[in-house]
There are 2 protein chains.
Amino acid sequence: MPAECCDEASNEALDDAAAAALASLLATLSDPVRLRIYSLIASSDEVCSCNLEGPVNKSQPTISHHTAKLAAAGLIIGERRGRWTWWRAVPGRANDLATSILDLGRP
Amino acid sequence: MPAECCDEASNEALDDAAAAALASLLATLSDPVRLRIYSLIASSDEVCSCNLEGPVNKSQPTISHHTAKLAAAGLIIGERRGRWTWWRAVPGRANDLATSILDLGRP
DNA sequence: ACATTGTATTGACATCTATCGATGAATCAT
DNA sequence: ATGATTCATCGATAGATGTCAATACAATGT
């Protein structure tokens, strides 16, 4: 610890647990494929998985892997109707994330 | 492409380039250490590097690596004054990110 | 029952990344 | 100049992760 420049222990804007939780949520959205999937789902009421493979252009296991991650993060929720799974965005989740990001800059 | 459930090509909410750019910015913030560093910087006017090692509790090369990534993403900017580098948050950047996230849900 | 279709899981592989020790470059004090 | 200090860079390593082929599971239809 140097001498002349350093203040006290700082105002601890974000503790370890909060940083880990927020980082985990951000990591879920930090993949281009997941972003596109979430964007497709969140901009519609409901999206069938069969409507994801086309635009996203990835294999079926890859899509399943990404939707599972988005669901585990609480960003989307899936409902199985018949053979297909229909996805919808969890309301308010993107809003909460946006305000969390804004709060990073508040003392 | 299945038959009964699938619509047309979807409303293309996010093209590949936009998804890659946003994902890259989110990836920059998807690390707990970087989140804490950015939080410390963004909640103050200016923060010296010597005020980061203490709260973050990582080695000096690790801190340097993270500040470099935050700076490359345009989230912080560093000014060298004498021996120390002083960091400040780029104004508006967190705001832009927050609105980008909110736009994901808009048709 | 059997075949078909949509989805999830497993295993393997390649790539990326966070971390740190060692070293180099730049700045200041004496 | 010499030494001390601050920061960046390099090399190495361990862990995480995106991707897909193969396979298993679930639901529907014949």
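Just so it is clear: chains get the letters A, B, ... in the order the sequence lines come, proteins before strands, and each one is counted from 1.
One axis for each end of the helix from C:dA1-D:dT30 to C:dT30-D:dA1, each built from five base pairs, and the angle between them comes to 20° at 10° resolution.
Contacts of B:S64 with the nucleic acid, taken as non-hydrogen atoms under 4.0 Å apart, include base atoms.
Regarding A:I37, its CD1 atom lies at a distance of 12 Å from the P atom of C:dT7, rounded to whole Å. The nearest whole Å value for the distance from the CD atom in B:E53 to the P atom in D:dA8 is 11 Å. The nearest whole Å value for the distance from the CH2 atom in B:W86 to the C1' atom in D:dC7 is 15 Å. To the nearest angstrom, C1' of C:dA8 lies 15 Å from CG of A:L52. Going from atom CH2 of A:W87 over to atom C1' of C:dG6 covers 13 Å, rounded to whole Å.
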Does the side-chain contact (heavy atoms from CB on, under 4.5 Å) test come out yes or no for A:E79 and A:E46, once each step is laid out? CA-CA 10 Å; A:E79 182 191 356; A:E46 263 184 344; 4.3 Å; yes
B:L102 and A:L97: side-chain contact (heavy atoms from CB on, under 4.5 Å), yes or no, with the steps? CA-CA 9 Å; B:L102 291 179; A:L97 176 56; over 6 Å; no
Report the C-alpha distance between B:R106 and B:D103 in whole Å, list the side-chain angles of each, state the deciding distance to 0.1 Å, and finish with yes or no for side-chain contact (heavy atoms from CB on, under 4.5 Å). CA-CA 5 Å; B:R106 305 200 200 287; B:D103 283 343; 3.1 Å; yes
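A distance of 7.5 Å separates CD1 of A:I76 from CD1 of A:I37, quoted to the nearest 0.5 Å.
Legend: residues meeting side chain to side chain contact (heavy atoms under 4.5 Å, CB included) with A:S49, ordered by chain and number and at least two apart, are A:T85, A:W87.
Evaluated for a side chain to side chain contact (heavy atoms under 4.5 Å, CB included) with B:L70, the options B:L75, B:D31, B:V90 yield exactly one hit, B:L75.
Side-chain atoms of A:R34 come within 3.5 Å of backbone N or O of A:T28 as a donor-acceptor pair.
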Sugar-phosphate atoms are those with a prime plus P, OP1 and OP2; base atoms are the rest. Using that split, label each nucleotide of nucleotides 14-30 of chain D B, S or - for protein heavy atoms under 4.0 Å, 5' to 3'. ----SBBBB----SS--
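In this model, the phosphate group of D:dC7 is approached by a side-chain N or O of B:S49 to a distance below 4.0 Å at OP1 or OP2.
Using modelled atom types, one finds no donor on one side chain facing an acceptor on the other under 3.5 Å when comparing A:T67 with A:S64.
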